[in-house]
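Take a look at the structure set out below.
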Amino acid sequence: MNDKKVKSLIERALSASANAVCDYSKFKVGAALLTKGGKIFTGCNIENKSLTMVICAERVALYKAVSEGHRNFIAIAVVAAGKNRFCPPCGPCRQLLYEFAPDLNVIMANNKKDYIIKRIDDLLPLAFKI
């Protein structure tokens with residue numbers, strides 16, 4: 001994956017983070033998921049008062065893609081807006097992403113658009129498999 005495509009995914013993730021609903025954590029996250037066909041699905045985190053019903057940006061992007069019939073993914077960019085640190089997916093998101101794309105590249109970026117890329121199986125060693 002070339003640097004231009006990575007930067008484009010990061011931009012889309014940052015843009016998606018603007019729609020985050022995070023009145024409690026104040027932690028705006030955006031994600032941009034790239035399909036093998038070149039389509040990009042974005043998502044943002046959405047919180048509510050029960051806190052157990054929170055959904056992460058990565059899952060929003062993945063659910064949007066899957067609900068529209070997409071099952072083959074190349075990469076996902078994850079960015080926490082306003083934070084100067086990389087934003088890795090949480091454990092449940094790692095497992096879900098792994099199940100749909102065990103070779104997925106995970107781009108973790110900061111607000112300066114610096115990034116690192118790891119494969120999902122490196123982020124989730126010994127993933128649960130059936």
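- Residue pairs that meet the ring pair (Phe, Tyr, Trp, His ring centres under 6.0 Å) test with at least one member in residues 73-109, sequence neighbours left out, do not exist here.
- Pairs of residues two or more places apart, or lying in two chains, never qualify as salt bridge (charged side-chain N to carboxylate O under 4.0 Å, His left out) while including a residue from residues 13-27.
- Applying the side chain to side chain contact (heavy atoms under 4.5 Å, CB included) criterion to Asn48, with sequence neighbours excluded, gives Ser50, Met53.
- Every pair tested for side-chain hydrogen bond (donor to acceptor under 3.5 Å, both in side chains) that includes a residue from residues 31-45 fails, sequence neighbours excluded, so the list is empty.
- Between the side chain of Arg12 and the main chain of Ala32, no donor-acceptor pair closer than 3.5 Å is present.
- Applying the side-chain hydrogen bond (donor to acceptor under 3.5 Å, both in side chains) rule to Asn84 yields the partners Asn110; only residues at least two apart in sequence or on another chain are considered.
- With values rounded to the nearest 0.5 angstrom, Cys90 atom SG is found 11.5 Å from Leu123 atom CG.
- Screening residues 54-74 for salt bridge (charged side-chain N to carboxylate O under 4.0 Å, His left out) gives no qualifying pairs among residues at least two apart or on separate chains.
- By the 4.5 Å heavy-atom criterion applied to side chains, Leu104 and Ile76 are counted as neighbours.
- The side-chain hydrogen bond (donor to acceptor under 3.5 Å, both in side chains) test applied to Asn19 returns no partner, not counting sequence neighbours.
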*Begin with the C-alpha distance, continue with both residues' side-chain angles, and end with the deciding distance and a verdict on side-chain contact (heavy atoms from CB on, under 4.5 Å) for Cys93 and Cys56.*
CA-CA 8 Å; Cys93 284; Cys56 300; 3.5 Å; yes
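- The minimum heavy-atom distance linking Ala77 with Ala13 is given by the pair O-CB, 3.8 Å.
- In terms of the salt bridge (Lys or Arg N to Asp or Glu O under 4.0 Å) criterion, residue partners of Arg119 (sequence neighbours excluded) are, by chain and number, Asp103, Asp121.
- Screening residues 34-66 for ring pair (Phe, Tyr, Trp, His ring centres under 6.0 Å) gives Phe41-His70 as the qualifying pairs, with residues at least two apart or on separate chains.
- Side-chain N or O atoms of Glu47 include none that pairs as donor or acceptor with a backbone N or O of Val54 at under 3.5 Å.
- Through direct or indirect side-chain contacts shorter than 4.5 Å among Ile, Leu, Val, Met, Phe, Trp and Tyr, Tyr115 is connected to Met1, Val6, Leu9, Ile10, Leu14, Leu34, Ile40, Ile74, Val79, Ile107, Ile117.
- Scanning for side chain to side chain contact (heavy atoms under 4.5 Å, CB included) contacts around Phe27 gives Ser25, Val29, Ala80, Lys83, Arg85, Cys87, with sequence neighbours left out.
- Scanning all heavy atoms of the two residues, the minimum distance from Arg94 to Pro89 falls at NE-O, 2.7 Å.
- In terms of heavy-atom proximity, Cys44 sits nearest to Ser17 at CB-CA, 4.5 Å.
- Residues that satisfy the salt bridge (Lys or Arg N to Asp or Glu O under 4.0 Å) test with Lys113, not counting sequence neighbours, are Glu11.
- In Lys7, the NZ atom is crowded: over 12 heavy atoms of neighbouring residues, nucleotides or ligands sit closer than 6.0 Å.
- Here the shortest heavy-atom pairing between Gly43 and Ala61 reads N-CB, 3.8 Å.
- Note that the CG atom of Leu97 and the CD1 atom of Ile120 stand 5.0 Å from one another [nearest 0.5 Å].
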